There are 2 protein chains.
Amino acid sequence: MEEGTSKSHSHREGTGRDYEACQWDTRSDCEVRQILDRVADKWSLLVIALLDERSLRFTELRRKVDGISQRMLTVTLRQLERDGLVERTVHAVVPPRVDYALTPLGMTLHDTIQALVTWTEENQGRIAAARAAYDTRRMREGESLPSP
Amino acid sequence: MEEGTSKSHSHREGTGRDYEACQWDTRSDCEVRQILDRVADKWSLLVIALLDERSLRFTELRRKVDGISQRMLTVTLRQLERDGLVERTVHAVVPPRVDYALTPLGMTLHDTIQALVTWTEENQGRIAAARAAYDTRRMREGESLPSP
DNA sequence: CGGTATCCGTTCTGATACTG
DNA sequence: CAGTATCAGAACGGATACCG
């Protein structure tokens with residue numbers, strides 16, 4: 001496992017900087033930033049969103065998350081398990097069966113993430129329109145600009 | 001405006017595929033996934049969270065988002081501008097002054113993202129504890145396992 | 001079935017230099 | 001101040017092979 005380098009040490013040293021308008025710590029070495037980077041991860045987000053109430057098997061998840069490789073699903077699930085968001089249950093049967101379910105903590109995160117997914121669904125039209133408008137604008141500007 | 005209808009409930013036609021438990025489209029080539037990947041981006045998330053109500057200048061943002069390079073801030077802001085989430089205002093003065101502010105659409109996203117940041121703040125202790133427990137467990141298992 | 005280990009190309013990112 | 005351009009290195013992520 002080459003990734004997963006976690007150096008979660010953060011001590012507030014140095015002179016007090018200007019964090020006037022922002023009440024939460026935006027420093028890259030702070031814990032909130034570390035967790036935010038994990039939670040805001042492409043695959044983590046999808047897995048959390050998919051694991052609603054009902055537990056899913058490894059292969060079920062792999063089939064539902066279109067485009068994820070076995071490797072990335074494993075890595076993602078390990079991280080979520082480490083963070084206490086997902087629980088991994090191994091059943092000692094043949095063929096092997098492993099279930100993944102949200103922990104209580106994971107369920108609270110699920111609510112927040114679901115809100116993000118819902119927002120995206122509801123606003124995808126507006127974003128697509130904005131992109132089209134932006135691209136059109138840039139194209140026109142490009143036409144009227146001298147080439148280097 | 002024109003996008004009032006969500007077409008995320010139209011999977012129940014023809015042969016019933018396995019979208020039973022998931023009501024939104026999880027295919028990698030769908031629009032929701034594309035937007036989600038952008039919105040769930042490390043830097044986008046921070047910039048949106050920081051741009052609350054008050055507009056900020058390029059350098060202000062750069063100073064607030066600890067660890068971001070000039071390049072990535074530019075790239076992130078261009079994407080957010082293209083998606084219609086952030087508005088870029090150039091003031092024709094010297095020295096140059098460029099303000100970045102949330103659009104109305106960006107403000108609605110800000111609410112959702114702020115919820116994610118708040119969740120992270122409130123639960124960072126639990127996650128840190130889960131990580132410590134996980135690492136301790138793995139260390140003990142590693143000690144009692146034969147080395148290859 | 002549910003992984004782990006390894007290789008290796010692609011993408012991302014930061015440092016640097018330069019411009020209006 | 002607010003960028004753009006370029007480039008090398010790091011991280012990401014997929015393909016493959018193999019194991020319990």
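We use all heavy atoms of the structure for the numbers below, so side chains are in, but hydrogens, waters and symmetry mates are not. Just so it is clear: chains get the letters A, B, ... in the order the sequence lines come, proteins before strands, and each one is counted from 1. Nothing here was measured: the structure is a model prediction, and the numbers come from that model.
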Whole-Å distance between C/dT13 P and B/Leu73 CG?
13 Å
Closest to the side chain of A/Met72, out of C/dG3, C/dG14, D/dG14, is D/dG14
Length of the CG-P vector between A/Asp99 and C/dG3, whole Å:
10 Å
Give every pair of a protein N or O atom and an N or O atom of nucleotides 16-20 of chain C that lie under 3.5 Å apart, one pair per line with the distance.
none

Looking at C/dG2, I'd like to know if its phosphate oxygens (OP1 or OP2) sit under 4.0 Å from a side-chain N or O belonging to A/Arg88.
no
Consider the side chain of B/Thr59, meaning its heavy atoms from C-beta on, and name the nucleotide among C/dG14, D/dA2, D/dG3 that approaches it most closely.
D/dA2
Check whether any side-chain N or O of B/Arg62 sits under 4.0 Å from OP1 or OP2 of D/dG3, and answer yes or no.
no
Phosphate contact (C/dG2 OP1 or OP2) by A/Arg97 side-chain N/O below 4.0 Å
no
In whole Å, I'd like the distance from the CD1 atom of B/Ile68 to the P atom of D/dA2.
14 Å
Between CG of B/Leu45 and CD of B/Gln114, what distance do you get to the nearest 0.5 Å?
9.5 Å
Distance (rounded to the nearest 0.5 Å) between A/Arg62 CZ and A/Phe58 CZ
6.5 Å
Any sub-3.5 Å donor-acceptor pair from B/Arg88's side-chain atoms to B/Arg78's backbone N or O?
no
Let me know the distance between NZ of B/Lys42 and P of D/dA11, rounded to the nearest Å.
11 Å
Can you check the A/Leu61 CG to C/dG3 P distance for me, whole Å?
10 Å
What is the separation between atom CG on A/Leu56 and atom C1' on C/dG2, rounded to the nearest whole Å?
15 Å
Ignoring hydrogens and angles, tell me if any N or O in the side chain of A/Ser44 forms a donor-acceptor pair with the backbone of A/Asp41 under 3.5 Å.
no
Validation row: A/Leu50, B/Thr26 side chains within 4.5 angstrom (heavy atoms):
yes
Looking at the side chain of B/Trp43, which of C/dC1, C/dG14, D/dG13 is the nearest nucleotide?
C/dG14
The reported gap from CD in A/Glu81 to OH in A/Tyr100 (rounded to nearest 0.5 angstrom) is 7.0 Å
Rounded to the nearest angstrom, tell me the gap between atom NE2 in A/His91 and atom C1' in C/dG3.
16 Å
Calculate, to the nearest 0.5 Å, the distance between atoms CE and CD belonging to B/Met72 and B/Gln79 respectively.
7.0 Å
Using OP1 and OP2 only, check whether a side-chain N or O of B/Tyr100 sits under 4.0 Å from D/dC1.
no
Look only at the side chain of B/Ser55 and the backbone of B/Asp99, and say whether a donor-acceptor pair between them is shorter than 3.5 Å.
no
Report the nucleotide, chosen from D/dA2, C/dG3, D/dT4, that has the shortest atom-to-atom distance to any side-chain atom of B/Arg78.
D/dT4
Among A/Leu109, A/Leu36, A/Thr112, find the one that has a side chain to side chain contact (heavy atoms under 4.5 Å, CB included) with B/Thr120.
A/Leu36
With a 4.0 Å cut-off, would you call A/Asp83 and B/Arg131 a salt bridge?
yes
Students should find that the end-to-end axis angle of the helix from C/dC1-D/dG20 to C/dG20-D/dC1, with five pairs defining each axis and rounding to 10 degrees, is 50°
Write down the distance between CZ (A/Phe58) and P (C/dC1), rounded to a whole number of angstrom.
11 Å
